[in-house]
Number of protein chains: 2
Amino acid sequence: MSGILSTPTADRSTAVRITESALALDGVARLTELRTWFAERRAHDVTTVEPVPLDALERWHTDPDTGNLVHESGGFFRIEGLSAEVRGAAVPAWTQPIITQREVGVLGILAKEFDGVLHFLMQAKNEPGNFDGVELSPTVQATRSNYTKVHGGSAVPYIDYFLDTARNRVIADVLQSEQGAWFHQKRNRNIIVETDEDVTVRDGFAWFTLGQIHRLLADDAVVNMDSRTVLSCLPFSGAGLAAAFPIFGDDFHSALLHSCSDDSGSLHSTGSILSWITDTRSRHDVRARTIPLRDVDRWIRSGGTISHESGLFFTVMGVSVRAGHREVASWCQPLVAPIGIGVNAFLVKRVDGVLHALVHARVQPGYLDVTELGPTVQATPGNYAWLPPEARPRFLDEVLAATPDTIRFDSLLSEEGGRFHHARNRYLVIETAPDHAPDPGPDFRWLTLHQLVGLLRHSHYVNVEARTLTACLHSLTGTTS
Amino acid sequence: MSGILSTPTADRSTAVRITESALALDGVARLTELRTWFAERRAHDVTTVEPVPLDALERWHTDPDTGNLVHESGGFFRIEGLSAEVRGAAVPAWTQPIITQREVGVLGILAKEFDGVLHFLMQAKNEPGNFDGVELSPTVQATRSNYTKVHGGSAVPYIDYFLDTARNRVIADVLQSEQGAWFHQKRNRNIIVETDEDVTVRDGFAWFTLGQIHRLLADDAVVNMDSRTVLSCLPFSGAGLAAAFPIFGDDFHSALLHSCSDDSGSLHSTGSILSWITDTRSRHDVRARTIPLRDVDRWIRSGGTISHESGLFFTVMGVSVRAGHREVASWCQPLVAPIGIGVNAFLVKRVDGVLHALVHARVQPGYLDVTELGPTVQATPGNYAWLPPEARPRFLDEVLAATPDTIRFDSLLSEEGGRFHHARNRYLVIETAPDHAPDPGPDFRWLTLHQLVGLLRHSHYVNVEARTLTACLHSLTGTTS
């Protein structure tokens with residue numbers, strides 16, 4: 001056969017290049033220089049965010065028929081109501097406010113080789129709901145309203161790389177869901193494009209190796225959710241990956257690299273994992289539909305916010321934003337403000353020298369396809385005060401009691417600051433014994449990292465919380481302790 | 001590593017076993033014996049089907065608020081209305097009746113080796129909408145209402161193999177969509193389970209090799225839609241598959257086997273195909289929601305049926321069924337009766353010795369995820385009399401004008417007789433020149449068979465019409481002309 005057909009070897013070499021970038025702590029800039037650059041961007045940011053009652057949000061109104069919160073353009077996003085029924089669950093039916101956003105946004109990272117090492121163009125960017133101001137964001141994070149300018153503003157830098165991919169090389173490109181508890185069927189296009197062209201680095205942007213981004217991921221509230229989900233979609237897995245790299249450090253590190261390698265074994269074949277996912281989607285009976293916001297029960301609109309009668313879960317609030325470096329210099333919008341800090345944790349264990357993570361097939365009302373694979377534990381402990389005892393998540397107490405010597409990753413990271421106010425979760429990777437939970441029940445399975453990465457080539461499989469943890473696990477490939 | 005981890009080699013050996021079964025024209029029974037058995041089942045079937053006005057359907061009623069047609073159990077299926085908007089399409093908005101069915105049914109085939117050759121347990125079964133009576137069906141085709149006995153009746157034979165898969169080996173297990181023009185978000189579990197247990201063959205069932213089923217697939221209206229969709233999900237693809245088999249016959253046959261082999265090249269890498277699918281789902285803006293049946297426009301309920309004012313598309317009718325060999329001996333139900341015979345065709349071509357099929361990313365209002373890959377042409381030619389000229393499908397005229405020497409497959413096959421009345425499509429595989437349509441536009445791509453089979457491990461990618469054509473292409477692996 002001649003050269004006009006492409007062959008599977010291309011994928012393998014991408015995996016090796018990604019791993020090389022993950023091992024590079026210095027690139028076109030040194031890690032210390034990038035830390036200084038980031039600290040200065042954060043220090044000099046001039047964004048101000050003030051709470052505003054929902055009734056007083058400029059350009060937003062409450063639809064008289066439905067009570068929904070709607071932007072005057074009709075685009076952007078809305079706060080509507082959701083009615084959910086999950087047959088057989090501890091809480092079998094409820095209503096709640098939910099964010100709806102029909103259009104698909106772009107979360108794009110531009111990549112380019114410098115001196116043979118892949119770099120990623122990242123942006124230091126503030127969002128109104130961020131806990132600590134500027135965070136490290138993808139090259140582009142834009143709704144269709146942003147880049148088609150529905151709500152006014154200047155052009156989105158670098159967007160053309162992601163709207164017209166033909167002239168460059170696509171490394172990953174997949175629609176992924178976001179928080180199934182707060183969004184109804186929201187999806188963004190997670191896309192990584194590699195270019196050979198000269199790229200002008202604009203103010204607020206910088207080139208990072210993957211290893212450099214990984215170092216910042218260990219810090220609290222630096223690498224934002226959008227960056228984490230895009231990075232999790234990197235094809236960071238290939239046959240022979242473990243063999244191609246020096247395995248230094250302890251056994252955990254070796255087991256991690258073997259877990260990234262397609263030719264390592266796994267407790268369950270990929271076929272049996274797919275069958276298990278099909279089974280969870282056939283077994284769980286979920287009905288979720290949007291309803292008028294005024295029809296949600298047990299939620300109270302007063303004092304310019306919407307809150308649950310228990311004071312738990314989340315509040316819908318309004319903010320007024322004044323920003324220096326954005327497409328639009330000032331605007332108002334609603335935000336969802338969760339009550340309390342969540343815990344998202346993977347239990348991991350070494351099986352015959354290959355690291356496996358315990359995933360949970362979760363039912364959340366916002367998913368398009370019944371279940372998605374989430375962390376072993378994904379919970380805000382405070383919420384369970386209000387819920388029946390049988391709703392308490394499995395493995396939560398074990399995660400909360402983990403001893404420091406078993407904790408492989410631990411950061412307090414924030415969720416999408418464009419929709420959520422001070423939404424933070426503690427992300428943990430906790431190593432357990434090889435014989436832990438060998439038969440963890442019908443909604444849990446032990447997966448290798450290369451199996452997670454294989455599923456991440458497709459929509460509907462891995463939820464946004466587990467995607468962050470996948471990126472966190474990848475970040476440990478470059479460390480020795 | 002020890003033996004507790006499974007490795008990728010298992011998948012490869014399944015592909016070889018499947019191909020061996022495809023090449024076997026004789027199994028526990030000879031092909032001629034099975035043809036005789038099938039002809040006798042068809043000849044002696046005693047099912048009668050009589051038209052009944054929709055208003056007179058026993059156990060069905062018209063909901064007074066919505067006009068929807070509903071079964072008294074609340075289960076089974078419904079006829080509701082659908083409102084669809086497809087921005088930028090030739091017909092950008094319309095309403096129509098649609099079948100809704102929330103529960104996931106099981107389409108299951110039981111497999112077992114005899115003398116080292118995989119066999120599949122098939123059923124000779126009638127459905128009320130079948131054109132020619134009994135067809136060859138999967139081991140099990142059952143809605144949840146069937147096997148939980150919502151509408152009465154006896155137990156579904158062999159169902160336990162598919163509800164509890166742990167004791168046997170799962171070969172394929174995936175939720176797949178059905179007709180996006182007639183169903184709203186309908187999905188069935190397509191599942192193939194291999195057993196080593198002794199299996200009692202009940203009356204109306206028989207063991208077939210894959211090659212034997214393939215021979216019957218060439219006959220009009222013998223292998224039913226449910227069998228075809230399940231068979232298309234066989235992992236009929238593996239590295240080295242072409243090398244493992246004698247390549248006999250003409251170049252077309254060799255190109256077909258290479259197309260099944262993972263290690264053959266392809267015009268587009270799998271990554272770029274996934275990116276293209278993501279692009280079609282981001283680009284097309286589709287909104288489809290169920291509405292009350294009484295709110296559909298241009299559809300007229302009179303004379304006991306519901307029809308479009310043009311007399312085109314389809315009619316909703318009622319039937320009374322009296323059957324000898326079913327769980328329920330007699331019942332009434334609505335059926336959707338399409339007007340005219342459709343054409344579903346793949347254009348295929350050899351590129352560097354590897355067969356590629358031209359797939360079309362189709363928008364249909366019943367899909368859960370915007371687009372699915374369909375045949376090159378999927379159309380009922382008569383419908384276009386009523387539609388604007390720009391709605392006429394690309395490649396339709398080319399398919400209708402194909403000369404006999406280019407036609408590799410041609411059968412008139414029926415669609416699901418449990419929901420459709422005399423719904424028949426002509427399924428065609430037409431070979432074109434290697435330089436045909438090199439750049440067929442943003443909604444078409446040339447794919448190899450192993451790429452289609454790879455996508456078929458997942459939901460939401462390949463529509464039911466293209467799945468039948470995939471099974472038809474597989475059926476040509478055992479032929480020499």
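To find a chain, count down the sequence lines: A is the first, B the second, and so on, and within it residues start at 1. Note that the structure is predicted; figures quoted are calculated from it, not measured. The figures here come from the full heavy-atom set of this structure, side chains too, leaving out hydrogens, waters and symmetry mates.
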Using heavy-atom distances under 4.5 Å, tell me whether [X] contacts chain A through its side chain, its backbone, both, or neither.
X: B:Arg287; answer: both
X: B:Asp279; answer: both
X: B:His268; answer: backbone
X: B:Val193; answer: neither
X: B:Ser272; answer: neither

(message) Heavy-atom pairs under 4.5 Å with chain B: which of A:Leu368, A:Val170, A:Leu267, A:Val104 has the most?
(response)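 Answer, by heavy-atom pair count under 4.5 Å with chain B: A:Leu368.
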(request) Mind ranking B:Arg102, B:Arg283, B:Arg281 by heavy-atom pairs under 4.5 Å with chain A and telling me who comes out on top? (result)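 If we count pairs closer than 4.5 Å to chain A, B:Arg102 comes out on top.
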(request) Return yes if some donor-acceptor pair links the side-chain N/O of B:Trp446 with the main-chain N/O of B:Pro440 below 3.5 Å, else return no. (result)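 Not a single qualifying donor-acceptor pair exists.
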We want to know whether [X] and [Y] form a side-chain donor-acceptor pair, criterion being a heavy-atom distance below 3.5 angstrom.
X: A:Thr448; Y: A:Ser259; value: no
X: A:Gln176; Y: A:Thr229; value: no
X: B:Gln101; Y: B:Thr143; value: no
X: B:His284; Y: B:Asp443; value: yes

(message) Please report the interatomic distance CD1(A:Ile192) to CG(A:Leu107), rounded to the nearest 0.5 Å.
(response)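 Result: 10.5 Å between the selected atoms.
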